[in-house]
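In what follows, every chain begins at residue 1, and chains take the letters A, B, ... in the order their sequences are listed. This structure is a prediction, so every number in the text was calculated from the model and none was measured. Values below: every heavy atom of this structure, side chains too, minus hydrogens, waters and symmetry copies.
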Amino acid sequence: KAGVTQTPRYLIKTRGQQVTLSCSPISGHRSVSWYQQTPGQGLQFLFEYFSETQRNKGNFPGRFSGRQFSNSRSEMNVSTLELGDSALYLCASSADNHGSYEQYFGPGTRLTVT
Amino acid sequence: ILNVEQSPQSLHVQEGDSTNFTCSFPSSNFYALHWYRWETAKSPEALFVMTLNGDEKKKGRISATLNTKEGYSYLYIKGSQPEDSATYLCAFNYGQNFVFGPGTRLSVLP
C-alpha cells in the first residue's frame with residue numbers, strides 16, 4: 001500500500017501571498033488531519049476532515065482553511081501569509097476519525113515565508 | 001487549554017542501556033493515547049495506540065504502559081541501539097482531536 005503523500009515538499013513564498021498544500025491519504029482512509037510544527041513548538045492541530053466534512057478545528061486564524069475531496073485527498077490553504085507561518089506542515093490519514101485509530105503521517109511540506 | 005507534557009526533554013544514553021520516558025496528560029475526558037517515533041528527515045511513525053487503563057503494549061524492545069486515572073504513560077526501550085535515536089512523541093486524544101506533547105529527544109551513543 002502506498003503511504004501518505006504530500007506535495008510540494010518545499011515551498012518558498014512571500015508575505016501576503018497565499019499557498020495551497022496537498023495531501024493524498026492511504027487508499028481507503030477517509031480521515032485526514034493537518035498539523036503545523038514550528039521551531040520550538042510541538043505539533044499543533046489545524047483541522048481534520050472526514051468524508052469531505054470538517055470534523056474538528058484547532059485554534060488557528062481563519063486564514064487557514066482546508067477541504068477534502070470525494071477521493072479523500074485534502075488540500076490546505078493559507079491566505080495572506082505571515083512570517084510566522086513558516087513551518088513544517090504535516091498531514092496524517094487514518095481509516096476512521098475515532099481517536100483510537102492509528103494515524104499515518106506524510107513526509108510534510110516545509111513552507112518558508114520571506 | 002489541554003496540556004500534554006513529556007519528560008525528559010532530551011536524553012543521551014550508551015548503546016545497550018535501557019531507558020524510559022514519561023508522558024503526562026489530563027486524566028479527564030480520556031479517549032486514547034498514541035506514541036510516535038520521529039526520526040530526522042522522516043515522517044512520524046506510529047508505535048502504539050493505548051485506550052484502556054492498565055494497557056501494556058510491546059513491539060520488539062519497545063514497550064509502553066498506561067495509567068488513565070493518574071494521567072501518565074511510560075515508554076520503555078530495552079537495550080537501546082543507535083537506530084533508536086529519534087524524538088518520541090505522545091499524543092492525547094479526548095474524542096475530538098489530538099494534543100501532542102513536545103517530545104523526548106533520544107540519542108543513543110555507540
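- Of the listed residues (Ala91(B), Pro102(B), Pro44(B)), the greatest number of heavy-atom pairs within a distance under 4.5 Å of chain A belongs to Pro44(B).
- Using a 4.5 Å cut-off between heavy atoms, Leu89(B) touches chain A through its side chain atoms alone.
- Contact of Gln44(A) with chain B is not made at all, since no heavy-atom distance falls under 4.5 Å.
- Hydrophobic clustering of Ile, Leu, Val, Met, Phe, Trp and Tyr side chains at less than 4.5 Å, counting indirect connections, keeps Val99(B) apart from Leu46(A).
- Using a 4.5 Å heavy-atom cut-off against chain B, the contacting residues of residues 51-76 of chain A are Asn56(A), Lys57(A).
- Both Leu106(B) and Trp35(B) sit in one connected hydrophobic cluster of ILVMFWY residues. Membership requires side-chain heavy atoms under 4.5 Å apart, directly or through other members.
- Clustering ILVMFWY residues whenever any of their side-chain heavy atoms sit less than 4.5 angstrom apart, transitively, puts Tyr88(B) in the very cluster that holds Leu33(B).
- Close approach to chain B, defined as a heavy atom under 4.5 Å from one of its heavy atoms, is seen in no residue of residues 4-23 of chain A.
- Note on Val32(A) and Leu88(A): separate hydrophobic clusters, where clusters join Ile, Leu, Val, Met, Phe, Trp and Tyr whose side-chain heavy atoms are under 4.5 Å apart, directly or indirectly.
- For a residue to count as touching a neighbouring chain, one of its non-hydrogen atoms must lie under 4.5 Å from one of that chain's; by this rule Phe47(A) does not touch chain B.
- Against chain A, the residues from residues 46-83 of chain B that qualify, each with a non-hydrogen atom under 4.5 angstrom away, are Ala46(B), Val49(B), Thr51(B) in number order.
- A distance of 4.5 Å separates CH2 in Trp38(B) from CG in Leu43(A), rounded to the nearest 0.5 Å.
- Contact annotation for Tyr31(B): only side-chain heavy atoms (C-beta onward) come within less than 4.5 Å of a heavy atom of chain A.
- Phe21(B) and Phe92(B) fall within a single hydrophobic cluster, where Ile, Leu, Val, Met, Phe, Trp and Tyr are joined by side-chain heavy atoms under 4.5 Å apart, directly or via other members.
- Between Tyr35(A) and Phe100(B), the distance separating the two ring centers is shorter than 6.0 angstrom.
- Applying a 4.5 Å heavy-atom cutoff, the residues of residues 102-110 of chain A that approach chain B are Glu102(A), Gln103(A), Phe105(A), Gly106(A), Pro107(A).
- In this structure, the portion of Leu90(A) lying under 4.5 Å from any heavy atom of chain B is its side chain and not its backbone.
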